[in-house]
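Here the structure comes first, spelled out in structure tokens, and everything after it is commentary.
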Amino acid sequence: MSTTSPTAGRPRSGARRMPDATAREEILDAAAELFAQRGYAATSTRLIAETVGIRQASLYYHFPNKEQILAELLEATVRPSLTYAGELSAKDLPPATALRDLVEYDVGVLVGARWNIGILYALPEIATEPFARFRREREQLRLAYRALVEAVAPDTAPITGDLVFGLVESVIGMRRDLPDLPGPADLPAAVAAAAMRLVGP
């Protein structure tokens with residue numbers, strides 16, 4: 001009986017990190033941990049493969065390079081919230097309700113993720129082509145916030161929507177810097193309440 005995977009050809013060097021996950025999911029999880037804790041530049045594909053317990057060549061079966069791994073991780077921090085914003089729009093909710101719901105959901109995505117990958121938003125590499133889709137989707141999410149804020153308070157300065165978006169993303173730094181940060185069960189509602197105060201009556 002063969003000890004290799006029929007699709008990836010990768011013998012394991014030890015116990016699996018995530019027994020119920022696919023190999024691709026394990027690679028993403030290991031990369032997220034290493035990127036968040038060691039930094040992007042200091043993490044090689046070889047190290048990611050070793051952390052998962054597979055050969056480096058097997059990693060390339062799933063991802064052609066390190067940039068694609070990071071791009072997929074970054075997109076996962078914005079795409080769920082962007083999708084949720086579209087669902088809220090389709091429900092025809094009062095703008096204030098939709099804004100509060102979006103803030104709570106978005107904060108939940110950012111603080112509920114296993115690893116704080118959002119701290120890599122400011123990497124200079126993010127301005128390059130492999131991350132174009134992430135930048136585009138993040139911009140679409142920012143514009144969704146701006147539209148909701150303008151709907152809640154039409155006389156509010158346009159920058160207020162960007163301030164709310166920045167408030168939401170501030171939880172990335174809070175998660176990094178504050179060991180006693182409230183968990184996903186408490187922080188989303190607190191940030192949503194702050195956002196609504198920022199928008200005003």
Side-chain angles (χ1 to χ4, degrees), residues 28-29 31-33 35-40 70-127 131-201:
L28 287 168
D29 181 73
E33 179 183 15
F35 291 160
Q37 295 184 353
R38 296 172 56 97
Y40 179 69
L70 179 58
E72 188 159 328
L73 289 169
L74 291 172
E75 289 163 18
T77 68
V78 296
R79 187 171 299 143
S81 298
L82 183 60
T83 299
Y84 189 68
E87 294 171 357
L88 289 173
S89 178
K91 291 179 180 179
D92 196 28
L93 296 169
T97 301
L99 177 60
R100 180 182 290 273
D101 286 355
L102 179 57
V103 170
E104 289 195 16
Y105 183 90
D106 200 4
V107 171
V109 169
L110 293 173
V111 300
R114 180 170 158 94
W115 308 108
N116 191 16
I117 202 68
I119 60 174
L120 302 177
Y121 283 2
L123 282 175
E125 290 89 345
I126 303 306
F131 307 100
R133 184 163 62 180
F134 162 69
R135 297 195 307 273
R136 182 172 62 252
E137 292 181 346
R138 187 179 176 210
E139 174 66 5
Q140 290 171 349
L141 183 57
R142 184 186 69 82
L143 293 175
Y145 274 105
R146 178 178 283 192
L148 282 172
V149 168
E150 291 176 352
V152 172
D155 296 330
T156 300
I159 196 174
T160 306
D162 297 335
L163 290 173
V164 171
F165 183 56
L167 175 64
V168 169
E169 289 197 342
S170 73
V171 303
I172 295 168
M174 293 170 64
R175 183 177 176 185
R176 177 194 60 208
D177 299 332
L178 303 175
D180 57 347
L181 182 70
D186 302 313
L187 190 60
V191 176
M196 300 312 293
R197 289 194 296 271
L198 183 61
V199 173

Of all heavy-atom pairs linking Val103 and Ala192, the shortest is CG1-CA, 3.5 Å
Show your working on side chain to side chain contact (heavy atoms under 4.5 Å, CB included) between Ile126 and Leu70 and close with a plain yes or no.
-> CA-CA 9 Å; Ile126 303 306; Leu70 179 58; 4.1 Å; yes
So do Arg79 and Arg133 actually touch side chain to side chain, heavy atoms under 4.5 Å?
-> yes
What distance do Ile117 atom CD1 and Leu110 atom CG have between them, rounded to the nearest 0.5 Å?
-> 12.0 Å
Distance in Å, Leu120 CG paired with Leu73 CG, rounded so as to fall on 0.5 Å steps = 8.5 Å
Contact summary for Tyr145 and Leu99, nearest pair of heavy atoms = CD2-CD1, 4.0 Å
Can you name the closest pair of heavy atoms from Glu125 and Phe131 and give their distance?
-> O-CD1, 3.0 Å
How long is the span from the CG atom in Asp162 to the CD atom in Glu169, to the nearest 0.5 Å?
-> 10.5 Å
Tyr121 and Thr77: CA distance, side-chain angles, deciding distance, side chain to side chain contact (heavy atoms under 4.5 Å, CB included) verdict = CA-CA 10 Å; Tyr121 283 2; Thr77 68; 2.6 Å; yes
Reported CD-to-CZ distance for the pair Glu75 and Arg135, which is rounded to 0.5 angstrom = 11.0 Å
If every non-hydrogen atom of Pro80 is compared with every non-hydrogen atom of Val109, which pair is closest and at what distance?
-> CB-CG2, 4.2 Å
Taking all heavy atoms of Ile172 and all of Ile119, pick out the closest pair and write down the distance.
-> CG2-N, 3.3 Å
Would Arg136 and Glu139 satisfy salt bridge (charged side-chain N to carboxylate O under 4.0 Å, His left out), going step by step from the backbone distance to the final call?
-> CA-CA 5 Å; Arg136 182 172 62 252; Glu139 174 66 5; over 6 Å; no
Where do Arg138 and Phe165 land on the side chain to side chain contact (heavy atoms under 4.5 Å, CB included) test, with the steps shown first?
-> CA-CA 10 Å; Arg138 187 179 176 210; Phe165 183 56; 3.9 Å; yes
Atom CZ of Arg175 and atom CH2 of Trp115: how far apart are they, to the nearest 0.5 Å?
-> 9.0 Å
Go through the steps to decide whether Glu150 and Thr156 satisfy the test side chain to side chain contact (heavy atoms under 4.5 Å, CB included), and finish with yes or no.
-> CA-CA 7 Å; Glu150 291 176 352; Thr156 300; over 6 Å; no
Val199 and Thr160 have their tightest heavy-atom pair at CA-CG2, 4.3 Å
State the OG1-CD distance between Thr83 and Gln140, to the nearest 0.5 angstrom.
-> 10.0 Å
Is it true that a side-chain atom of Ser170 and a backbone atom of Leu167 form a donor plus acceptor pair closer than 3.5 Å?
-> yes
Answer yes or no: does atom CG of Leu93 have more than 12 heavy-atom neighbours from other residues, nucleotides or ligands under 6.0 Å?
-> yes
